[in-house]
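The structure under discussion appears below in the form of structure tokens.
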Amino acid sequence: MRALLRILSGLMLSVSAAPFASAQSIPTLDQLYQAAKAEGQVVFGGAIKEENQQKLAAVFQQRFPGIAIKYTRRSTEPMVQLVEAERRANRVSFDLLNLTEPGDVVRWTKQGFLAAVPMPDTDKMLPETFDPNGYSIALSVTPMLGIYSTKALKPGEAPTSLKVLVSDPKWKGKVVISRPTRGGTSSGALMNVVNAVGRDFIRSARERDLLLTLGNEAAIASVVSGERAVSWGVSGYRAIEAKAEGSPIELIVWDEGLALAQFIGVVPAKAPHPNAARLLLRWMMTPEGQELLVKNVNQYSARKDVAITPLAQPPLSALKINAFSNEKIVSEGHALAVEFDKAVGM
């Protein structure tokens, strides 16, 4: 009898440990709000511009009065440095983080630094944009668009195929990219090229006389100035904004498809205000929160049921998207980026 009870007990534990086995295990927003009221605030860190974050916060606080958002704006690299410094001091001050580097998210998940946040509606999410165990989710996404300079090229002269771009001698010395080892977005763009043309391309990359920059902004600036005619993949929202502001560039959707960069939301396991963190993350993933992100941050929604697009761009469903999971970018993309660096003599 005792043996039978032990078996039944073990079965109950295994069922209760199954991640998000049913919708009943996922609290509603109102339930989270009731629990978050006692915490009173949520500490949020990310790269969203302060003025845009204030617009999001205004709607959130109208919907959930009594929960203040304390926001710190930093790009991913310095934000991760700050979080790691706090970890060494055995401190956690942030409740919710928005990062662009898959490597940090994958590493923190393995280290047990992140909390699992049950999410509804994952069937409405784009493929590879959420962790099935709930440790991370894409708050927004942007395609890694090709761009070309209208100063350097006339209409109809720009390439539309990655295979042509990396094989035709015409484009030697005319391409600029963000160095792939700089981060997940750039290594994702490299993965997209290798996916299209094959790994052998890396061996001949040095012969292509590529200009390597330290980040997407510098790559875009090189095309805007006409210094280089083409880039094979930059953060799409930055390119879209630059074009909307009058920069002399045009966007390229490659025949072989585009990689997708993610802006990832995570909650530390020891967040000081865990219920408020879950509330803000969950709300940002609702259609209401996603539409506000699209309008104010100029990035696409990771939800397939949100129709609005940034600055009237085509919907993602109209583009060929090559989806790479965070884990694949870390395991395969990093190796490709290191191989690429060696090939070009970095």
Side-chain angles (χ1 to χ4, degrees), residues 99-103 105-106 122-132 136-148 158-167 171 175-202 205 208 210 216 219-220 230-240 250-264 294 299-304 306 309-310 313-340:
L99 309 172
T100 60
E101 181 49 62
V105 174
V106 171
T122 53
D123 59 315
K124 296 181 176 67
M125 296 286 294
L126 294 169
E128 308 292 0
T129 58
F130 64 94
D131 172 35
S136 62
I137 192 164
L139 293 175
S140 56
V141 296
T142 193
M144 297 298 291
L145 290 165
I147 58 172
Y148 74 89
T160 61
S161 166
L162 287 168
K163 290 180 181 179
V164 170
L165 182 69
V166 302
S167 62
W171 301 109
V175 179
V176 58
I177 62 168
S178 173
R179 186 177 172 187
T181 50
R182 282 286 293 173
T185 57
S186 300
S187 59
L190 175 63
M191 285 181 69
N192 194 55
V193 174
V194 171
N195 188 60
V197 306
R199 196 165 186 149
D200 286 347
F201 149 72
I202 293 180
R208 305 303 299 170
L210 302 168
N216 286 282
I220 293 172
V230 185
S231 181
W232 71 34
V234 296
S235 289
Y237 79 99
R238 291 178 174 175
I240 292 167
E250 285 294 341
L251 312 178
I252 305 174
V253 177
W254 300 111
D255 296 339
E256 298 88 348
L258 304 169
L260 203 63
Q262 300 184 26
F263 299 82
I264 309 161
V294 174
Q299 295 161 7
Y300 283 87
S301 172
R303 290 184 64 120
K304 293 180 287 188
V306 172
T309 64
Q313 290 296 301
L316 290 179
S317 59
L319 309 177
K320 182 180 179 183
I321 299 296
N322 299 319
F324 305 119
S325 68
N326 292 329
E327 291 76 12
K328 189 168 185 176
I329 290 176
V330 172
S331 62
E332 297 182 23
H334 178 70
L336 286 173
V338 171
E339 184 181 343
F340 180 87

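Just so it is clear, the values below take in all heavy atoms, side chains as well, and ignore hydrogens, waters and symmetry mates. FYI, the numbering just counts along the sequence from 1.
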Item to complete: Answer yes or no: are there more than 12 heavy-atom neighbours, outside Lys163 itself, under 6.0 Å from its atom NZ?
Response: no
Worksheet item: If you round to the nearest 0.5 Å, how far is CG of Asn216 from OG of Ser178?
Response: 5.0 Å
Worksheet item: Got a sec, which residues hit salt bridge (charged side-chain N to carboxylate O under 4.0 Å, His left out) with Arg238, two or more places apart in sequence or on another chain?
Response: Glu217
Worksheet entry | Partner set under side-chain contact (heavy atoms from CB on, under 4.5 Å) for Val230, not counting sequence neighbours | Tyr148, Leu153, Pro159, Leu165, Trp171, Ile252, Trp254
Worksheet item: Is the closest side-chain heavy-atom distance between Arg208 and Val175 below 4.5 Å?
Response: no
Worksheet item: Hey, does Val166 have a side-chain heavy atom less than 4.5 Å from the side chain of Trp232?
Response: yes
Item to complete: Could I get the full list of salt bridge (charged side-chain N to carboxylate O under 4.0 Å, His left out) partners for Asp123, not counting sequence neighbours?
Response: none
Item to complete: Kindly give the heavy-atom pair with the smallest separation between Ser186 and Arg179, and that separation in Å.
Response: CB-O, 3.6 Å
Fill in: Residue pair Phe340, Leu210: steps toward the side chain to side chain contact (heavy atoms under 4.5 Å, CB included) verdict
CA-CA 11 Å; Phe340 180 87; Leu210 302 168; 3.6 Å; yes
Worksheet item: Do any N or O atoms from the side chain of Ser187 and from the backbone of Thr181 form a donor-acceptor pair under 3.5 angstrom?
Response: no
Item to complete: Check whether any side-chain heavy atom of Phe201 lies under 4.5 Å from a side-chain heavy atom of Leu162, and answer yes or no.
Response: no
Discussion item. Quick check for you: to the nearest 0.5 Å, what is the distance between Glu101 atom CD and Ile329 atom CD1?
Written reply: 8.5 Å
Discussion item. For the OG1 atom of Thr185 and the CD atom of Gln262, what is their distance to the nearest 0.5 Å?
Written reply: 11.5 Å
Practice prompt. State the CG-CD distance between Leu190 and Glu332, to the nearest 0.5 angstrom.
Written response: 11.5 Å
Practice prompt. Say whether, by atom type as modelled, one donor and one acceptor occur between the side chain of Asn195 and the main chain of Ala259 under 3.5 angstrom.
Written response: no
Worksheet item: Does some side-chain heavy atom of Tyr300 sit less than 4.5 Å from a side-chain heavy atom of Thr309?
Response: yes
Discussion item. Keeping Ser140 on the side-chain end and Gln299 on the backbone end, is there a donor-acceptor pair under 3.5 Å?
Written reply: no
Worksheet item: Any side-chain heavy atom of Leu336 sitting closer than 4.5 Å to one from Pro180?
Response: no
Practice prompt. Answer yes when Glu339 and Arg199 have at least one side-chain N-carboxylate O distance shorter than 4.0 Å, and no when they do not.
Written response: yes
Worksheet item: Are Asp131 and Ser136 close enough that a side-chain donor and a side-chain acceptor fall under 3.5 Å?
Response: no
Fill in: Side chains of Met125 and Lys304 in contact at under 4.5 Å (non-hydrogen atoms)
no
Worksheet item: How long is the gap from CD1 on Ile321 to CD on Glu128, to the nearest 0.5 Å?
Response: 13.0 Å
